[in-house]
Amino acid sequence: MSEITYIRGDATVPSVKGVKVIAHVCNDIGGWGKGFVLAVSRRWPEPEKSYRTWHRERASNDFGLGAVQFVQVERHLWVANMVGQRGIRTGSKGVPVRYEAIDAALERLGDKAADLGASVHMPRIGCGLAGGKWSRVEPLITERLVKRGIAVTVYDHGEGGS
């Protein structure tokens with residue numbers, strides 16, 4: 001079984017051949033405007049547009065914690081909008097990250113990546129604005145993706161790392 005590959009770089013520019021899925025965590029209130037999504041939106045308008053429509057029409061679709069929306073942005077490249085955080089602020093219920101939702105979303109991501117024969121690329125999902133701990137997220141990725149033989153690369157952007 002392979003491991004997660006860690007590199008310094010931009011997760012929106014995966015440099016491997018073949019079909020790729022860029023995965024990231026979204027909130028459950030329709031907000032898109034801080035963190036990694038800004039890098040996504042700078043490259044492609046479709047993921048944000050699709051996410052906003054998905055949220056707006058949530059009464060008639062599967063939008064909610066643990067759901068995933070797959071948006072094809074190039075011939076061999078998809079973006080996975082994974083709903084893995086409740087709201088956007090830390091409050092009485094703690095930080096916005098919801099590990100069980102990320103776990104459910106990763107399960108769906110694993111199914112899609114397997115169907116596409118795709119590798120998965122992501123920042124340290126759930127650990128930026130969502131306030132999660134990588135020590136809790138990493139085992140979920142290993143369980144839902146790596147153990148299924150899906151190649152996963154995690155990108156640390158800029159200087160230092162978290």
Side-chain angles (χ1 to χ4, degrees), residues 4-7 9-58 61-86 88 96-130 132 134 136-157:
I4 297 171
T5 301
Y6 291 89
I7 64 172
D10 182 348
T12 67
V13 192
S15 60
V16 298
K17 299 235 181 287
V19 180
K20 299 168 277 294
V21 178
I22 297 170
H24 68 104
V25 166
C26 304
N27 62 65
D28 66 347
I29 61 168
W32 180 293
K34 286 190 173 173
F36 183 71
V37 297
L38 295 177
V40 171
S41 288
R42 275 194 296 273
R43 294 187 64 81
W44 313 280
E46 299 92 351
E48 176 180 359
K49 186 175 181 221
S50 296
Y51 169 79
R52 291 190 185 282
T53 300
W54 188 33
H55 176 262
R56 191 172 50 253
E57 298 172 358
R58 65 192 177 280
N61 64 38
D62 67 342
F63 184 93
L65 286 170
V68 185
Q69 179 187 54
F70 296 96
V71 182
Q72 190 167 9
V73 293
E74 292 176 14
R75 185 163 161 235
H76 295 295
L77 185 63
W78 298 74
V79 172
N81 293 333
M82 304 190 305
V83 183
Q85 69 179 73
R86 164 88 61 203
I88 56 173
V97 71
R98 293 294 178 265
Y99 297 108
E100 63 285 349
I102 290 175
D103 189 41
L106 287 168
E107 177 77 16
R108 291 180 176 95
L109 173 60
D111 291 343
K112 182 72 168 182
D115 288 348
L116 293 170
S119 56
V120 173
H121 305 265
M122 64 180 70
R124 292 187 186 233
I125 57 169
C127 297
L129 297 169
W134 187 245
R136 297 269 311 270
V137 176
E138 185 184 46
L140 302 177
I141 295 166
T142 298
E143 186 64 34
R144 300 295 181 198
L145 302 176
V146 176
K147 284 187 176 176
R148 293 180 68 176
I150 297 165
V152 177
T153 303
V154 172
Y155 296 74
D156 286 314
H157 199 268

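The analysis underlying the following values was restricted to heavy atoms, covering all of them including side chains, and did not include hydrogens, waters or symmetry mates.
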With salt bridge (Lys or Arg N to Asp or Glu O under 4.0 Å) as the test, would you mind laying out the steps for Arg148 and Asp111 before giving the verdict? CA-CA 9 Å; Arg148 293 180 68 176; Asp111 291 343; 2.8 Å; yes
Determine, stepwise, if the pair Gln69 / Tyr51 fulfils side chain to side chain contact (heavy atoms under 4.5 Å, CB included). CA-CA 7 Å; Gln69 179 187 54; Tyr51 169 79; 4.0 Å; yes
Decide yes or no on side chain to side chain contact (heavy atoms under 4.5 Å, CB included) for Val68 and Asn81, but give the supporting numbers first. CA-CA 6 Å; Val68 185; Asn81 293 333; 6.0 Å; no
Mind running side chain to side chain contact (heavy atoms under 4.5 Å, CB included) on Val21 and Val79 for me, showing each step along the way? CA-CA 6 Å; Val21 178; Val79 172; over 6 Å; no
Could you walk me through whether Thr5 and Val152 satisfy the side chain to side chain contact (heavy atoms under 4.5 Å, CB included) test, starting with their C-alpha distance in whole Å, then the side-chain angles of each, then the deciding distance to 0.1 Å, before giving a yes or no? CA-CA 6 Å; Thr5 301; Val152 177; over 6 Å; no
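The closest side-chain heavy-atom distance from Arg124 to Tyr6 is below 4.5 Å. Looking only at side-chain heavy atoms (C-beta outward), Phe36 and Thr12 come within less than 4.5 Å of each other. Between Pro47 and Val73, the closest side-chain pair of non-hydrogen atoms falls below 4.5 Å. Using a 4.5 Å heavy-atom cutoff, the side chains of Ile22 and Pro14 are in contact. At least one side-chain heavy atom of Val137 sits less than 4.5 Å from a side-chain heavy atom of Cys127. Here the side chains of Ile125 and Leu106 are in contact, with some heavy-atom distance below 4.5 Å. Within the 4.5 Å cutoff, no side-chain heavy atoms of Asp156 are placed close to those of Ile7. Using a 4.5 Å cut-off on side-chain heavy atoms (C-beta onward), Val37 and His24 make contact.
Taking every heavy atom of both residues into account, Ile150 and Ala114 meet most closely at CD1-N, 4.2 Å. The shortest heavy-atom contact between Gly126 and Val97 is O-CG2, 3.7 Å. In plain terms, the two heavy atoms of Val71 and Ser50 that are nearest each other are CG2-CB, 3.7 Å. The two atoms that bring His121 and Ser119 nearest to each other are NE2-OG, 2.8 Å, heavy atoms only. In terms of heavy atoms, Ala23 sits closest to Met82 at CB-CE, 4.1 Å. The two atoms that bring Tyr99 and Gly132 nearest to each other are OH-CA, 3.3 Å, heavy atoms only.
Between the side chain of Asn27 and the backbone N or O of Val83, no donor-acceptor pair lies under 3.5 Å. The main-chain N or O of Gly66 is found under 3.5 Å from a side-chain atom of Arg108 such that the two form a donor-acceptor pair. The closest donor-acceptor contact from the side chain of Gln85 to the backbone of Pro96 lies at 3.5 Å or more, if one exists at all. Distance alone, capped at 3.5 Å, is enough to place a donor-acceptor pair between the Gln72 side chain and the Arg75 backbone. Formation of a donor-acceptor pair under 3.5 Å by the Asn61 side chain with backbone atoms of Glu57 is found in this model.
Crowding of Arg52 atom CZ: a count of heavy atoms from other residues, nucleotides or ligands under 6.0 Å exceeding 12.
A distance of 10.0 Å separates CD of Glu100 from CG of Leu140, quoted to the nearest 0.5 Å. Atom CD1 of Ile141 is separated from atom CG of Asp103 by 10.5 Å, given to the nearest 0.5 angstrom.
With no hydrogens or angles considered, no side-chain donor-acceptor pair links Thr53 and His55 at under 3.5 Å. With no hydrogens or angles considered, no side-chain donor-acceptor pair links Asp10 and His157 at under 3.5 Å.
Judged as a side chain to side chain donor-acceptor pair (under 3.5 Å), and not counting sequence neighbours, the contacts of Ser41 are Trp32, Glu48.
With a 6.0 Å cutoff to the six-membered ring centre and a 45° limit on the axis angle, Lys20 does not count as a cation-pi contact of Trp78.
Taking the six-membered ring where the residue is Trp, Phe63 and Trp54 present perpendicular rings, their angle passing 60° and hence far from 30°.
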